[in-house]
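See structure below.
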Amino acid sequence: VSQERSTGIVRIVRAYEGTPAEEAGLLPGDILVSVDGTEVTGIDLNQVVYKIKGEEGTKAALVIYREEKGQYLDIEVERRKVEIPTVISEMLEDKIGYIEVTSFDGVTANQFIEAYESLKSQGMERVIVDMRDNGGGLVDVVEEMLDYLLPEGVIFYAKDKYGTKSSEYISDADAALDIPMAVLVNGNTASAAEVFSGNIQAFGKGKVVGTVTFGKGVMQQLFYIDAEQTSAIKLTVADYYIHTDKNINGTGILPDIEVELDEEAVGQPNLSKEQDNQLQKAIETVKGM
């Protein structure tokens, strides 16, 4: 799920294949109205996710609004433990590798590097990295991936309101990326996913294709206010910057090649690669690089 900054609306971004969400019929783009009778618009996204989660075997009663049909739907989703791969890869035609990264978890860097090296061993000559609908995750994980790909240079640092720098990450001179790359993004590409796509662009090592990203360029921290850690205040403590001292908060990453997903493709749960006009534009882009 993701939350619109201006309205507080919570939307379903993805219903992963084989999960209770997919089985219940949730679709990308659905607006989440309430969870177990509690309206969630405007509630902090972490709290919304907390309400959805629960004891395995129980059910979450969701009300969603499906805009394209103008319908409110009552949907029950069974709570189950699910394991979601964060990196999915395959070889497309013309020796173009395709790597989709869905989030940045503890296993993501290793999965990404393994996928990249596997595709290179199969003869990959160009690569597309799909960061669409990736809401971010662990900063040190995206830094490890960028260090693997990029030449020497600053890829991330934070700066507080006093101008004090911290959390600086610098990639070394060893760079695996020696072929054309395109990075696919959209309005749900946020945080660590913007660090990835923005650095590929800023280093001049690839083209960004899609629509303007979410624009989250701040670091936040939880300050617990009780010993049991059941209540906390979340404060923004610093801005962060990528290569060339760029902060993307509120502006996002501007694509080199801007292309909207075709209207008939929006909300499709199993969009084919042929129907995916943004992917087709990325393929065209790396072929021309």
Side-chain angles (χ1 to χ4, degrees), residues 2 5 13 87-89 92-102 104 112 115-116 119-120 124-136 142-143 145-156 169 171 175-217 239-263 265-266 271 273-289:
S2 70
R5 191 196 307 270
V13 173
V87 177
I88 302 163
S89 64
L92 306 180
E93 294 181 357
D94 300 316
K95 297 183 178 179
I96 298 173
Y98 172 81
I99 305 174
E100 180 184 9
V101 182
T102 61
F104 293 92
F112 178 85
Y116 188 91
L119 289 168
K120 281 298 290 279
M124 176 175 68
E125 296 178 356
R126 297 170 175 81
V127 62
I128 295 168
V129 179
D130 194 342
M131 290 282 172
R132 291 176 296 179
D133 299 327
N134 183 326
V142 69
E143 303 307 334
M145 292 162 59
L146 289 169
D147 185 20
Y148 168 76
L149 291 171
L150 295 175
E152 187 173 3
V154 175
I155 50 182
F156 181 92
Y169 292 87
S171 59
L177 182 58
D178 57 359
I179 57 176
M181 174 183 282
V183 184
L184 276 166
V185 299
N186 63 11
N188 292 320
T189 303
S191 194
E194 293 176 292
V195 173
F196 183 95
S197 52
N199 272 292
I200 294 295
Q201 185 184 61
F203 272 83
K205 293 299 181 180
K207 299 290 186 183
V208 176
V209 180
T211 56
V212 179
T213 62
F214 185 82
K216 184 179 184 291
D239 293 316
Y240 70 71
Y241 297 78
I242 61 174
H243 193 63
T244 66
D245 301 312
K246 182 176 182 181
N247 174 262
I248 49 83
N249 197 53
T251 59
I253 303 297
L254 305 179
D256 297 292
I257 300 162
E258 190 161 2
V259 53
E260 295 272 356
L261 189 64
D262 284 343
E263 187 175 344
V266 174
L271 188 65
K273 289 180 171 54
E274 291 71 28
Q275 294 173 308
D276 188 344
N277 64 295
Q278 288 179 322
L279 174 60
Q280 294 304 315
K281 176 58 74 172
I283 291 172
E284 177 187 321
T285 298
V286 290
K287 281 184 175 181
M289 294 170 65

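In terms of heavy atoms, Gly215 sits closest to Arg5 at O-NH2, 2.8 Å. The minimum heavy-atom distance between Leu119 and Gly97, with the atom names listed, is CD1-CA, 4.0 Å. When all heavy atoms of Ser191 and Gly136 are compared, the pair lying nearest together is CB-CA, 4.2 Å. Summarising the geometry of Pro255 relative to Val185, their closest heavy-atom pair is CG-CG2, 4.5 Å, with the distance given to 0.1 Å. Taking both residues in full, the closest heavy atoms of Gly252 and Val212 are given as CA-CG1, 4.4 Å, listed atom of the first, atom of the second, then distance.
A distance of 11.5 Å separates OG in Ser2 from CG in Asn134, rounded to the nearest 0.5 Å. Taking CG of Asn199 as the start and CG of Leu149 as the end, the distance is 10.5 Å to the nearest 0.5 Å. Note that CZ of Phe214 is 12.0 Å distant from OG1 of Thr251, once rounded to the nearest 0.5 Å. Between atom CG of residue Asn249 and atom OH of residue Tyr241 there is a gap of 9.5 Å, rounded to the nearest 0.5 Å. A distance of 4.5 Å separates CD1 of Ile99 from CZ of Phe112, quoted to the nearest 0.5 Å. Here the CD atom belonging to Glu143 is positioned 9.5 Å from the CZ atom belonging to Phe104, to the nearest 0.5 angstrom.
The aromatic rings of His243 and Phe203 lie parallel to each other, with less than 30° between the two planes, well short of the 60° mark.
Taking the side chain as every heavy atom from C-beta outward, Leu177 and Tyr116 approach each other to under 4.5 Å. At least one side-chain heavy atom of Met124 sits less than 4.5 Å from a side-chain heavy atom of Ile179. The shortest side-chain heavy-atom distance between Ile283 and Lys273 does not fall under the 4.5 Å cut-off. Considering only heavy atoms from C-beta on, Phe196 comes within 4.5 Å of Val129 through its side chain. Put simply, the side chain of Val286 reaches to within 4.5 Å of the side chain of Ile96, judged on heavy atoms. Counting heavy atoms from C-beta outward, Val127 and Pro180 have side chains that stay 4.5 Å or more apart. Residues Ile200 and Leu146 meet the side-chain proximity criterion, which asks for heavy atoms closer than 4.5 Å. Within the 4.5 Å cutoff, side-chain heavy atoms of Tyr98 are placed close to those of Leu279.
Judged purely by atom type and a 3.5 angstrom limit, Asn277 uses its side chain to pair as donor or acceptor with the backbone of Asp262. Formation of a donor-acceptor pair under 3.5 Å by the Gln201 side chain with backbone atoms of Val183 is not found in this model. Side-chain N or O atoms of Gln278 include one that pairs as donor or acceptor with a backbone N or O of Val259 at under 3.5 Å.
Other residues, nucleotides and ligands contribute more than 12 heavy atoms inside 6.0 Å of the NZ atom of Lys216.
Among residues at least two apart or in separate chains, salt bridge (charged side-chain N to carboxylate O under 4.0 Å, His left out) pairs with a member in residues 176-202 are Lys120-Asp178. Listed by first and then second residue, the salt bridge (charged side-chain N to carboxylate O under 4.0 Å, His left out) pairs involving residues 274-289 are Asp94-Lys287, Arg132-Asp276, Lys281-Glu284 (not counting sequence neighbours).
Residues passing the side-chain contact (heavy atoms from CB on, under 4.5 Å) test with Lys207, sequence neighbours excluded: Asp256, Thr285, Met289.
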Evaluate the criterion side-chain contact (heavy atoms from CB on, under 4.5 Å) for residue pair Ile253 and Thr189; output intermediate values, then yes/no.
-> CA-CA 9 Å; Ile253 303 297; Thr189 303; over 6 Å; no
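Tested against Asn186, the residues Asp133, Thr211, Thr213, Asp130 include a single side chain to side chain donor-acceptor pair (under 3.5 Å) partner, Asp133.
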